[in-house]
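Below is one structure, written out as structure tokens; comments come after it.
None of the values given here were measured: they were computed from a predicted structure. This chain uses plain numbering: 1 for the first residue, then up along the sequence. Heavy atoms only: backbone and side chains are in, while hydrogens, waters and symmetry mates are out.
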Amino acid sequence: MVDAVKTWLPWQDPDSFLGGLPAGFDPEYYVGGDRPDSLDSVEFYVPNYMGSSDVVEVIRDMPALKVVQTQTAGFENLLPHLRDEVTLCNARGVHDASTAELAVGLILATYRRLPRAVRNQERGEWPSSYRELDDSLADRTVLILGYGSIGEALERRLDGFECDVIRVARRAREGVHPTTDLPTLLPRADVVVLLTPATDETRGMVDAKFLAQLKDGALLVNVARGVVVDTDALLAELTTERIHAALDVTDPEPLPAGHPLWSAPNVLINPHRGGASTAFEPRVARLVRAQLERYAKGEPLINIVAGPPR
């Protein structure tokens with residue numbers, strides 16, 4: 001009789017969460033802290049979503065580990081802990097809906113000055129009139145930098161807002177510009193949405209030179225990773241009130257109390273909530289169950305981002 005595959009999962013009732021745990025797995029609950037006695041026999045591991053550092057660091061101490069399936073699209077924090085023979089799969093597609101919705105929300109909140117409305121409500125104030133018109137997304141140009149599955153989801157949601165979309169990715173493909181075209185594209189954009197992963201190539205790519213190419217009044221929306229943006233360069237631009245920013249992520253993160261970004265003009269800060277919506281759980285459940293079924297049947301896994309094919 002073949003032994004069941006020892007699997008660490010971050011759900012106390014995986015059968016209920018996954019809509020039925022595939023046969024052939026021996027699940028154990030782990031979300032950090034004290035390690036179960038089965039550490040040496042874990043073969044398939046799903047780290048807790050946005051968990052503490054120990055849910056990642058434990059990977060180094062799993063001698064039988066073959067597969068790590070994340071619940072996030074980003075995976076750079078796991079790479080230093082992986083052995084060459086461990087296959088890493090990310091959660092590409094799971095956060096498309098949530099992150100795309102948030103990007104639209106940040107654009108609209110900024111354009112329609114919703115933070116000001118919240119402050120007025122807290123003070124119980126109804127201004128008699130506004131001298132200026134709110135900005136509209138209609139007739140604007142939105143540049144999506146890092147055009148992948150989330151970018152596609154964002155464009156679908158922008159359809160109907162009567163705006164134009166420019167697609168940019170690392171390499172050119174049909175309908176998508178390469179990043180080398182940015183110097184000619186950035187001056188055209190009213191909104192730039194960052195969806196790039198955090199890599200050596202993208203770290204700090206939104207620097208003073210990048211920001212200087214944006215038109216006056218442009219809006220930078222970061223729903224990618226904080227390190228993609230040079231914080232000092234962004235602060236310099238925000239201080240002049242030449243551009244606006246809406247940030248779901250920052251560098252550093254968490255943003256410490258007293259950091260100048262908190263009080264900078266023209267910025268809306270959201271505490272890294274891009275994937276945290278009710279759309280997340282059903283999508284991650286479908287992905288993890290599908291991966292477990294593939295693994296049990298010896299079928300190729302999807303979303304492999306590091307390590308050998310499985």
Side-chain angles (χ1 to χ4, degrees), residues 49-50 70-76 89-112 114-115 135-170 173-177 179 182 185-186 189-199 202 205-206 218-229 244-250 253 267-288 290 302-303 305:
Y49 178 62
M50 301 296 283
T70 74
Q71 299 185 67
T72 59
F75 55 87
E76 63 276 0
C89 304
N90 77 342
R92 185 182 190 274
V94 164
H95 299 287
D96 291 2
S98 296
T99 305
E101 286 178 358
L102 179 62
V104 174
L106 291 173
I107 295 169
L108 295 177
T110 301
Y111 270 9
R112 301 310 301 263
L114 296 186
D135 292 320
S136 175
L137 183 50
D139 308 322
R140 301 301 177 104
T141 297
V142 179
L143 186 152
I144 301 174
L145 177 54
Y147 190 84
S149 65
I150 299 178
E152 292 170 359
L154 174 57
E155 184 172 9
R156 289 195 298 272
R157 284 154 179 80
L158 291 173
D159 184 33
F161 278 98
E162 302 176 42
C163 60
D164 296 320
V165 173
I166 299 174
R167 311 172 194 92
V168 183
R170 184 173 59 173
R173 58 185 189 272
E174 185 176 358
V176 182
H177 295 270
T179 53
L182 282 173
L185 298 175
L186 289 174
D190 297 292
V191 182
V192 175
V193 181
L194 304 178
L195 290 171
T196 59
T199 65
T202 64
M205 73 178 299
V206 181
L219 169 61
L220 179 75
V221 178
N222 191 1
V223 286
R225 288 291 185 266
V227 296
V228 173
V229 177
H244 297 257
L247 311 174
D248 183 52
V249 289
T250 60
E253 188 177 309
V267 64
L268 172 60
I269 298 174
N270 192 59
H272 202 156
R273 302 285 294 166
S277 83
T278 53
F280 166 66
E281 288 192 349
R283 286 161 177 77
V284 79
R286 287 196 294 268
L287 172 64
V288 172
I302 62 172
N303 292 359
V305 292

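D248 contributes a side-chain N or O that, together with a main-chain N or O of G274, makes up a donor-acceptor pair within less than 3.5 Å. Within the 3.5 Å criterion, the main-chain N or O of L108 finds no donor-acceptor partner in the side chain of R112. For the pair T141 (side chain) and D164 (backbone), a donor-acceptor distance under 3.5 Å is absent. Judged by distance alone, with hydrogens and angles left aside, the side-chain atoms of S98 form no donor-acceptor pair with the main-chain N or O of H95 at under 3.5 Å.
Nearest heavy atom pair, residue R225 against residue V249, reads C-CG2, 3.5 Å. In terms of heavy atoms, L106 sits closest to V221 at CD1-CG1, 4.1 Å.
Tested against V168, the residues L182, L186, I144 include a single side-chain contact (heavy atoms from CB on, under 4.5 Å) partner, L182. Under the side-chain contact (heavy atoms from CB on, under 4.5 Å) test applied with V94, the options T99, T72, L287 reduce to a single match, L287.
Counting heavy atoms from C-beta outward, Y147 and E155 have side chains that approach closer than 4.5 Å. V192 is listed as a side-chain neighbour of L194, based on a closest heavy-atom distance under 4.5 Å. Side-chain contact between F161 and I107 is absent, with no heavy atoms from C-beta onward closer than 4.5 Å.
More than 12 heavy atoms of other residues, nucleotides or ligands shown are found within 6.0 angstrom of CD on E152. The neighbour count for R286 CZ, taken as heavy atoms of other residues, nucleotides or ligands under 6.0 Å away, is above 12.
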